[in-house]
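Owing to the predicted nature of the structure, the values given are computational and were not obtained by experimental measurement. Proteins get letters first, then strands, A, B, ... in listed order; numbering begins at 1 in each.
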Amino acid sequence: MQYWLMKSEPDEFSIDDLQGRPKQTEHWDGVRNYQARNMMRDEMRVGDQVFFYHSNTKVPGIVGIAEVSREGYPDHTAFDPNDPHYDPKSDPDAPRWFMVDLRYVRHLKRTIPLPELKADPALEGMALVRRGNRLSVMPVTEEQWRHILTLE
DNA sequence: GCCAACGTTGGC
DNA sequence: GCCAACGTTGGC
């Protein structure tokens with residue numbers, strides 16, 4: 001069992017959107033960063049637990065939990081010229097970008113705001129709180145996972 | 001809306 | 001292979 005954190009702008013796709021999808025499941029498309037791509041393509045496994053993080057919003061923070069329901073497969077939005085995430089360099093025969101499917105698990109009892117995560121000594125070293133971090137998919141250790149759940 | 005941090009692109 | 005220019009992310 002592995003743990004992850006994935007960011008989304010709630011104006012684009014929120015945890016409420018995920019909860020409202022058929023089977024409470026949606027594919028996580030549009031990631032165009034190689035580090036994040038590699039984790040989705042190579043490392044994430046069905047059943048892995050994911051913190052759902054809202055970025056670029058009034059109160060950025062962890063809002064809930066999802067789980068991986070399908071392992072990495074090609075991100076088809078890269079093939080569609082009409083899609084905002086279109087990438088002409090991604091070929092269906094040699095896809096450059098990958099995604100996973102996530103299934104909604106639950107909301108946290110409250111949003112754990114970013115400043116609180118940053119101020120927490122137990123979370124020092126977590127990728128999320130490192131300066132200038134822009135990764136949209138990152139690993140979370142089991143210790144960090146458990147600790148964050150004590151904060152809700 | 002501003003802007004720091006960072007990744008990518010492309011000229012050389 | 002270097003690095004300046006540029007675009008994007010995302011907190012504030």
Side-chain angles (χ1 to χ4, degrees), chain A residues 2-21 26-44 48-68 71-141 143-145 147-152:
Chain A
Q2 303 173 100
Y3 302 94
W4 307 92
L5 180 145
M6 298 173 84
K7 296 179 183 174
S8 183
E9 302 190 18
D11 288 347
E12 298 294 322
F13 186 70
S14 72
I15 189 164
D16 299 311
D17 294 329
L18 179 62
Q19 186 180 17
R21 289 294 195 268
E26 187 58 280
H27 51 263
W28 200 268
D29 62 58
V31 172
R32 297 293 179 267
N33 169 281
Y34 289 104
Q35 254 185 291
R37 189 272 317 259
N38 292 346
M39 288 186 267
M40 292 198 294
R41 188 188 59 186
D42 305 331
E43 296 179 41
M44 298 180 82
D48 283 359
Q49 302 290 110
V50 179
F51 279 135
F52 200 117
Y53 177 93
H54 281 176
S55 66
N56 237 325
T57 187
K58 195 187 288 181
V59 183
I62 297 171
V63 295
I65 297 173
E67 65 184 14
V68 177
E71 294 173 10
Y73 63 108
D75 180 344
H76 57 80
T77 65
F79 308 141
D80 177 2
N82 296 316
D83 191 281
H85 301 297
Y86 176 57
D87 182 355
K89 292 176 198 152
S90 187
D91 187 303
D93 294 328
R96 175 174 296 203
W97 303 115
F98 286 73
M99 59 189 179
V100 297
D101 287 355
L102 291 190
R103 183 190 304 122
Y104 173 82
V105 174
R106 66 177 180 90
H107 283 67
L108 297 190
K109 293 171 200 147
R110 68 180 183 103
T111 298
I112 316 287
L114 179 61
E116 193 173 326
L117 299 167
K118 277 185 172 169
D120 193 324
L123 300 177
E124 270 179 5
M126 191 181 177
L128 181 71
V129 303
R130 281 208 286 268
R131 196 179 59 124
N133 163 64
R134 288 167 47 185
L135 250 195
S136 63
V137 179
M138 68 187 74
V140 173
T141 68
E143 292 72 25
Q144 290 163 349
W145 180 273
H147 180 77
I148 288 166
L149 287 180
T150 67
L151 303 176
E152 67 170 325

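A search for ring-ring contact (aromatic ring centres under 6.0 Å, His included) contacts involving A/Trp4 returns nothing, not counting sequence neighbours. Scanning for side chain to side chain donor-acceptor pair (under 3.5 Å) contacts around A/Asp16 gives A/His107, with sequence neighbours left out. Contacts of A/Ser8 classified as side-chain contact (heavy atoms from CB on, under 4.5 Å), with partners at least two apart in sequence or in another chain: A/Phe13, A/Trp28, A/Phe52. Scored by the side chain to side chain donor-acceptor pair (under 3.5 Å) test, A/Arg134 finds no partners at all (sequence neighbours excluded). Partners of A/Arg130 by side-chain contact (heavy atoms from CB on, under 4.5 Å), not counting sequence neighbours, listed by chain and number: A/Ala127.
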Would you tabulate the nitrogen or oxygen pairs shorter than 3.5 Å linking the protein to nucleotides 8-12 of chain C?
from   : atom 1 : to       : atom 2 : distance (Å)
C/dT8  : O2     : A/Arg134 : NH2    : 3.0
C/dG10 : OP1    : A/Lys7   : NZ     : 3.0
C/dG10 : OP1    : A/Arg134 : O      : 3.0
C/dG10 : N7     : A/Asn56  : ND2    : 3.3
C/dG11 : OP1    : A/Tyr53  : OH     : 2.6
C/dG11 : OP2    : A/Asn56  : N      : 2.9
C/dC12 : OP1    : A/Lys118 : NZ     : 3.3

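Within the 4.0 angstrom heavy-atom criterion, no nucleotide atom of any strand lies near A/Lys58.
Taking atom CZ of A/Arg130 as the reference point, atom P of B/dG7 lies 12 Å away to the nearest angstrom.
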